[in-house]
Amino acid sequence: WFFLVFTGCLAAQSSPSAGGVDPAAKTVFFDDFAGDALDRTKWNVVVTGQWVNNEQQAYVDAPEVIRIVHGAEAEGAANGALEIRAVYRSGFVTPNNRKFEFVSGRLDTRGKFEAAYGTWAARMKLPAGAWLWPAFWALGAGRWPDVGEIDIMENVGDPSWTNVALHGPGYSGNTPLVARRAFPPGQDISGWHVYAVEWMPDRLVFSVDGETFYTVTKAMVEAHGRWAYDAPKYLILNLAIGGQYPQ
């Protein structure tokens, strides 16, 4: 099995101005996974329905793929951590009769937490290995890509970098609004890092461990299509296997 470990997700609400985070900003969503079980008042566990990106896993709701860990299993996390595993399960058949060799986990906050603007961040450590595709992202409710997608962290098993991207009307799929962030010597995806985006009405600023490495302005987006980042979005965490990842 392979696993993604996650702790301390938050969205800090800020006023909708272009001047940065409001000094009076407040935390409107936070989970440090201190309890013994996933807080389902905050999170939905997604079960495979629509099949996308030619991914090679089924998403299931089971302790073998989604669990809360503490102590040595959550080393580096003060209170606890969410662990998402991909597990080999030969011949697994979904309710809609699709067959897969792997099962994994996907969670979202749709209908439970949705917001626009602010700082969206997660402290995570990731698995390294070919065909692994962990992601931390935000998506609007409605038809994709019109609703807009913010990829705050994506990786495909290469320990040396992570990726960010925007997808929306006119710039989806192999989007031109994308950046790769290499880790400095001595670091890689297997250590704890904070992946974040500061979302403002006229720009999105991406960072790792507090270091900004990519800024996308409204003008940059509108060179390709409509700005799709004024409506609320919800959080998604998942660990996919395989799939068509745009390079």
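Remember, predicted model here, so these are calculated numbers, not experimental data. Below, each value reflects all heavy atoms present in this structure, side chains not excepted, and no hydrogens, waters or symmetry copies.
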Output the distance between atom CZ (Phe136) and atom CD1 (Ile152), rounded to the nearest 0.5 Å.
4.0 Å
If you take all heavy atoms of Gly148 and Leu139, which pair is closest and at what distance?
O-CD1, 3.6 Å
Are Tyr229 and Trp144 co-members of a hydrophobic cluster defined by side-chain heavy atoms under 4.5 Å apart?
no
Hey, what do you get for OG1 (Thr48) to CG (Asn96), rounding to the nearest 0.5 Å?
8.0 Å
Atom of Pro127, atom of Pro134 and distance for their closest heavy-atom approach:
CD-CG, 4.3 Å
Looking at Lys99 and Val93, what are the two nearest heavy atoms and their distance?
CG-CG2, 3.8 Å
Leu166 and Tyr214: side-chain contact (heavy atoms from CB on, under 4.5 Å), yes or no, with the steps?
CA-CA 11 Å; Leu166 297 181; Tyr214 188 49; over 6 Å; no
Can we call the ring centroids of Phe113 and Phe29 under 6.0 Å apart?
yes
Sidechain N-carboxylate O distance under 4.0 Å for Asp61, Arg40
yes
How long is the span from the CG atom in Leu239 to the CD atom in Gln57, to the nearest 0.5 Å?
7.5 Å
Hey, could you give me the CD1/CZ distance between Ile68 and Phe33, rounded to the nearest 0.5 Å?
5.5 Å
NE2 (His193) and CZ (Arg123) are apart, to the nearest 0.5 Å, by 10.0 Å
side-chain contact (heavy atoms from CB on, under 4.5 Å) between Tyr59 and Thr94: does it pass, once the steps are laid out?
CA-CA 9 Å; Tyr59 290 122; Thr94 69; over 6 Å; no
Would you call Thr119 and Trp199 a side-chain contact if the rule is heavy atoms closer than 4.5 Å?
no
Just checking, is any N or O donor in the side chain of Asp31 or Trp43 under 3.5 Å from an acceptor N or O on the other one?
yes
Identify whether Val221 and Val178 are in the same connected component of the hydrophobic contact network (ILVMFWY, side-chain heavy atoms under 4.5 Å).
no
Residue list, ring pair (Phe, Tyr, Trp, His ring centres under 6.0 Å) with Trp131, at least two apart or on another chain:
none
Taking C-beta and beyond as the side chain, do Leu132 and Ile241 meet within less than 4.5 Å on heavy atoms?
yes
Tell me whether Trp120 contacts the main-chain N or O of Tyr117 through its side chain, where contact means a donor paired with an acceptor under 3.5 Å.
yes
Is there a donor-acceptor pair under 3.5 Å between the side chain of Asp188 and the backbone N or O of Ser190?
yes
State whether the side chain of Lys233 and the backbone N or O of Val147 hold a donor-acceptor pair below 3.5 Å, judged by distance alone.
yes
Pick from Val208, Val164, Asn155: which one makes a side chain to side chain contact (heavy atoms under 4.5 Å, CB included) with Tyr195?
Val208
So how far is it from Glu83 CD to Glu73 CD, rounded to the nearest 0.5 Å?
6.5 Å
Can any side-chain N or O of His70 pair as donor or acceptor with the backbone N or O of Asn79 at less than 3.5 Å?
yes
Is there a path from Leu177 to Met153 through hydrophobic residues (I, L, V, M, F, W, Y) whose side chains come within less than 4.5 Å of each other?
yes
Please tell me whether Glu154 and Trp137 have a donor and an acceptor in their side chains that are separated by less than 3.5 angstrom.
no
Please identify each residue that fulfils salt bridge (charged side-chain N to carboxylate O under 4.0 Å, His left out) with Arg106, with sequence neighbours left out.
none
Do you know the tightest heavy-atom contact between Phe183 and Pro159?
CD1-O, 3.8 Å
Only residue of Asn238, Leu237, Val65 satisfying side chain to side chain contact (heavy atoms under 4.5 Å, CB included) with Ile84 is Leu237
Main chain of Asn163, side chain of Asp151: is a donor-acceptor contact present, judged purely on distance under 3.5 Å?
no
Assess whether atom CD of Glu75 is packed by more than 12 heavy atoms of other residues, nucleotides or ligands within 6.0 Å.
no
Given the rule that I, L, V, M, F, W and Y join up when any side-chain heavy atoms are under 4.5 Å apart, are Leu126 and Ile66 in one cluster?
yes
Do Ile150 and Phe206 come close enough that some side-chain heavy atom pair is under 4.5 Å?
yes
Are Leu204 and Thr215 close enough, and set up right, to give a side-chain contact (heavy atoms from CB on, under 4.5 Å), and what steps lead you there?
CA-CA 6 Å; Leu204 295 108; Thr215 298; over 6 Å; no
Check whether any side-chain heavy atom of Phe100 lies under 4.5 Å from a side-chain heavy atom of Glu55, and answer yes or no.
no
Side chain Glu222, main chain Met220, donor-acceptor under 3.5 Å
no
Applying the ring pair (Phe, Tyr, Trp, His ring centres under 6.0 Å) criterion to Phe102, which one of Trp133, Phe92, Tyr88 satisfies it?
Tyr88
Search all heavy atoms of Arg110 against all heavy atoms of Ala141 and return the closest pair with its distance.
NH2-CB, 3.8 Å
Check the pair Thr217, Asp202 against side-chain contact (heavy atoms from CB on, under 4.5 Å), reporting the backbone distance first and the verdict last.
CA-CA 6 Å; Thr217 65; Asp202 69 342; over 6 Å; no
Non-neighbouring partners of Ala223 that pass side chain to side chain contact (heavy atoms under 4.5 Å, CB included), sequence neighbours left out:
none
Nearest heavy-atom neighbours spanning Ala81 and Ala74
CB-CB, 3.9 Å
Taking Asp146's backbone N and O only, do any of them form a donor-acceptor pair with Arg226's side chain (distance below 3.5 Å, no angle check)?
yes
A side-chain contact here means heavy atoms from C-beta on lying under 4.5 Å apart; do Val156 and Trp161 qualify?
yes
hydrophobic_cluster_shared for Phe213 and Ile189, side chain cutoff 4.5 Å
yes
